[in-house]
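To keep things clear, I will list the structure first and then write my remarks on it.
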Amino acid sequence: QVQLVESGGGLVQAGGSLRLSCAASGRTFSTFAMGWFRRAPGKERELVATISRSGGNTYGAESVKGRFTISRDSAKNMVYLQMNSLKPEDTAVYYCAAKAGTYVNSYYDAEADYDYWGQGTQVTVSS
């Protein structure tokens, strides 16, 4: 079992930056691929970025490429989402997710792939 706790959300002006953190419990964190998803008001949850268990491969949605960066520190059981040049359309609840039983260098971009989810952290970008 894995528990995920997100932090770092808040209110920021357009053009600003935030760094989201996700703390994972459990000794098997290094075997999980990780992802960040978001749900904007009135919309379905969507992938933001994903990272392989090795940390060597990442994938980001087109809407965030060049602005957001996903990373992980398996020694600390942490995954991060650095968000720069934020836009009002980035306003959403951001969720951390973990997928068990993965290949070392594979990432996973489907919500249904993930086994564990955090409670989410709100990010609001004002114009």
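Side chains included, hydrogens not; waters and symmetry mates left out as well; all remaining heavy atoms used. All values reported here derive from a predicted model rather than from experimental measurement.
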Within a reach of under 6.0 Å around NZ of Lys76, are more than 12 heavy atoms found that belong to other residues, nucleotides or ligands? no

Going by heavy atoms in the side chains, are Asp90 and Arg67 under 4.5 Å from each other? yes

Working to the nearest 0.5 Å, report the span between OH of Tyr114 and CZ of Phe32. 12.0 Å

Nearest 0.5 Å please: distance from the OG atom of Ser63 over to the CZ atom of Phe68. 7.5 Å

Can you give me the closest heavy-atom contact between Leu4 and Ala24, atom names plus distance? CD2-CB, 3.6 Å

Same hydrophobic cluster for Phe37 and Val93, using side-chain heavy-atom links shorter than 4.5 Å among ILVMFWY? yes

Joint hydrophobic cluster, Met78 plus Trp36, side-chain heavy atoms closer than 4.5 Å: no

Gap between atom CD of Gln1 and atom OG1 of Thr28 - 0.5 Å precision: 10.0 Å

For Ser127 and Pro88, the nearest pair of non-hydrogen atoms, with its separation, is CB-CG, 3.8 Å

Evaluate Gln82 against Ser71 for side chain to side chain contact (heavy atoms under 4.5 Å, CB included), listing each step before the verdict. CA-CA 8 Å; Gln82 179 66 45; Ser71 62; over 6 Å; no

Taking all atoms of both residues into account, what is the closest heavy-atom pair of Ser17 and Asn84, and its distance? OG-OD1, 2.9 Å

Criterion side chain to side chain contact (heavy atoms under 4.5 Å, CB included) on Leu81 and Arg38, from CA distance to verdict: CA-CA 12 Å; Leu81 185 68; Arg38 68 185 180 187; over 6 Å; no

Work out which heavy atom in Glu6 is nearest to a heavy atom in Gly120; give both atom names and the distance. OE1-N, 2.9 Å

Do Tyr80 and Tyr107 share a hydrophobic cluster (ILVMFWY, side-chain heavy atoms under 4.5 Å, transitive)? no

Using the ring of Phe29 (Phe, Tyr or Trp, six-membered ring only), decide whether Arg72 places NZ or CZ under 6.0 Å from its centre and within 45 degrees of its axis. yes

So OG of Ser30 and CG of Asp73: to nearest 0.5 Å the spacing works out to 11.5 Å

d(Thr102 OG1, Met34 CE) to nearest 0.5 Å is 10.5 Å

Please check if the number of heavy atoms outside Glu89 that lie under 6.0 Å from its CD is greater than 12. yes

Between Asn105 and Ser54, is any side-chain donor less than 3.5 angstrom from a side-chain acceptor? yes

Please tell me whether Tyr108 and Tyr59 are part of a single hydrophobic cluster in this structure, the criterion being side-chain heavy atoms less than 4.5 Å apart. yes

Where is the tightest heavy-atom contact between Leu20 and Met83, given as atom of each residue plus distance? CG-CE, 3.7 Å

Hey, could you give me the CG/OH distance between Leu18 and Tyr94, rounded to the nearest 0.5 Å? 9.0 Å

Can you get from Val2 to Ile51 by hopping between Ile, Leu, Val, Met, Phe, Trp and Tyr side chains that sit under 4.5 Å apart? yes

Where Gly118 and Tyr95 come nearest, the two heavy atoms and their spacing: O-CD2, 3.6 Å

Checking side chain to side chain contact (heavy atoms under 4.5 Å, CB included) for the pair Gln122/Thr91: CA distance, chi angles, key distance, verdict? CA-CA 8 Å; Gln122 176 71 46; Thr91 295; 4.0 Å; yes

